[in-house]
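Below you'll find the structure, written out as structure tokens, and then a few comments.
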Amino acid sequence: MSLGQQIAPHLPFLRRYARALTGSQAEGDRYVRAALEAIVEAPEEFPTDIAPRLGLYRTFQAIWQTTQFEEHDSGVSDGGSEAIARARLARLAPLSRQALLLTAMEGFTIEDAAYLIQKEPDEVSDLVSEAIGEIESQTRTRVLIIEDEPLIAMDIETIVRDMGHDVTGVAVTRDEAVALAMEDRPGLVLADIQLADDSSGIDAVKDILAEFEVPVIFITAFPERLLTGERPEPTFLITKPFQRETVKTTISQALFFDQATVPAGN
């Protein structure tokens, strides 16, 4: 099996990680492309003594870390909301965010995450705890849940409320979701893809976003269908069946970047 065939199944999930890490579909995909270009240019440098998925993420991490050092040293400011986001990022240690995303979202063990970010396992555990502390101190918001499976909706609502957020409502169809959003504007939307009346959560979100801006997290059992890199796609995505920590981490990342676009004091 060629190297390309070995890493291809893992690319959608690397895109998910990259987008969550950067808070941007375009930026996340740019880093993934850079990692793939590095592999194509020097396939002999791709680690062969570990699983292909681990090697793929390690290549990405090397690209990410190198770029961050270069941007920090250059002192270049992008201006506008992106500059605000970078300033906010500086207040949350990048390694702690990476450690949390790699373990809670991507499902790597502490040992694998330690390899990926080049730290000792004990350090990774401390970094995860640090990131969790940041989540607990995060600004609270109001959440609209679009989910047609009652047990899953109940589970999500419990997680959201346990994080300290309020729930504006639970919708099971596209029309109901739009109506609830217009009636009580949420600060975050959690949306399933397939809804009760065969309508689409994607279409519901499009309708809502046509009226006002709000961060969105999609929930689906088929993430690879939304992570091809070929068309506008979600920045934040949760895979079913999900773990509680995955939901908490993804919510935190979505709110982190959304709040970064608003200058302090506004």
Side-chain angles (χ1 to χ4, degrees), residues 12-13 15-16 19-20 23-26 28 81 104-105 135 138-262:
F13 304 100
R15 290 191 183 98
R16 174 181 63 185
R19 293 172 183 183
S24 162
Q25 178 196 335
S81 62
M105 177 181 287
I135 291 176
Q138 198 165 35
T139 302
R140 307 310 182 197
T141 193
R142 296 163 57 74
V143 181
L144 170 62
I145 298 170
I146 308 173
E147 171 61 65
D148 67 323
E149 297 184 47
L151 291 178
I152 294 178
M154 187 182 303
D155 194 18
I156 294 172
E157 183 173 3
T158 299
I159 294 170
V160 167
R161 292 192 185 279
D162 285 349
M163 291 180 71
H165 304 301
D166 294 324
V167 174
T168 63
V170 178
V172 299
T173 67
R174 173 184 179 178
D175 290 343
E176 185 179 359
V178 175
L180 283 174
M182 296 305 104
E183 178 183 339
D184 191 353
R185 181 177 296 194
L188 174 68
V189 175
L190 292 173
D192 190 5
I193 304 300
Q194 188 66 42
L195 302 180
D197 59 351
D198 289 328
S199 60
S200 167
I202 295 175
D203 290 336
V205 166
K206 287 180 179 178
D207 292 343
I208 293 169
L209 292 179
E211 299 297 327
F212 60 88
E213 288 296 318
V214 61
V216 177
I217 299 171
F218 282 104
I219 304 173
T220 177
F222 306 100
E224 63 277 5
R225 296 180 184 177
L226 294 174
L227 293 169
T228 63
E230 297 176 352
R231 61 186 185 279
E233 298 166 345
T235 299
F236 299 101
L237 187 67
I238 294 173
T239 302
K240 292 181 178 178
F242 51 75
Q243 299 294 322
R244 179 183 180 87
E245 290 306 315
T246 302
V247 178
K248 290 178 63 176
T249 299
T250 309
I251 289 174
S252 173
Q253 285 300 103
L255 294 178
F256 177 81
F257 283 103
D258 179 62
Q259 292 161 8
T261 64
V262 181

(message) My understanding is that only residues two or more places apart in sequence, or in another chain, count here; which of them pass salt bridge (Lys or Arg N to Asp or Glu O under 4.0 Å) with D198?
(response) none
(request) Please confirm whether the backbone N or O of A104 pairs with a side-chain atom of T246, one donor and one acceptor, at under 3.5 Å? (result) yes
(message) When you measure from the side chain of E147 to the backbone of E149, do you find a donor-acceptor pair of N or O atoms at a distance under 3.5 Å?
(response) yes
Provide the closest heavy-atom pair for [X] versus [Y] in the form atom of the first, atom of the second, distance.
| X | Y | value |
| --- | --- | --- |
| T250 | M105 | OG1-CE, 3.3 Å |
| R19 | F236 | O-CE2, 4.5 Å |
| D207 | R174 | OD2-NE, 2.8 Å |
| V160 | D166 | CG1-O, 4.3 Å |
| H165 | I251 | NE2-CG2, 4.0 Å |
| E157 | V170 | OE1-CG2, 4.0 Å |

(request) Would you please test S199 and D197 for side-chain hydrogen bond (donor to acceptor under 3.5 Å, both in side chains) and show each step? (result) CA-CA 5 Å; S199 60; D197 59 351; 2.4 Å; yes
(request) Tell me, yes or no, whether the heavy-atom count around Q243 atom CD, taken from other residues, nucleotides or ligands under 6.0 Å, exceeds 12. (result) no
(request) Please check if atom NZ in K206 has more than 12 non-hydrogen atoms from other residues, nucleotides or ligands closer than 6.0 Å. (result) no
(message) Are the side chains of F257 and T235 in contact, using a 4.5 Å heavy-atom criterion?
(response) no
(request) Kindly indicate whether the side chain of I156, heavy atoms from C-beta on, has any atom under 4.5 Å from the side chain of I219. (result) yes
(request) Determine, step by step, whether L151 and D155 satisfy the side chain to side chain contact (heavy atoms under 4.5 Å, CB included) criterion, reporting the C-alpha distance in whole Å, the side-chain angles of both residues, the deciding distance to 0.1 Å, and the verdict. (result) CA-CA 6 Å; L151 291 178; D155 194 18; over 6 Å; no
To the nearest 0.5 Å, what is the distance between [atom1] on [X] and [atom2] on [Y]?
| X | Y | atom1 | atom2 | value |
| --- | --- | --- | --- | --- |
| E245 | I135 | CD | CD1 | 7.5 Å |
| M163 | I159 | CE | CD1 | 9.0 Å |
| I146 | T173 | CD1 | OG1 | 9.5 Å |
| F242 | I152 | CZ | CD1 | 6.0 Å |
| I202 | D192 | CD1 | CG | 10.0 Å |

(message) Under a 4.0 Å threshold between the charged nitrogen and the carboxylate oxygen, would K248 count as salt-bridged to D162?
(response) no
(request) Give the C-alpha distance, both sets of side-chain angles, the deciding distance and a yes or no for side chain to side chain contact (heavy atoms under 4.5 Å, CB included) between V214 and L144. (result) CA-CA 10 Å; V214 61; L144 170 62; over 6 Å; no
Could you tabulate the donor-acceptor pairs under 3.5 Å formed by side-chain atoms of residues 176-191, not counting sequence neighbours?
residue : atom : partner : partner atom : Å
E176    : OE1  : V172    : N            : 3.2
D184    : OD1  : R142    : NH2          : 2.6
D184    : OD2  : R142    : NH2          : 2.3

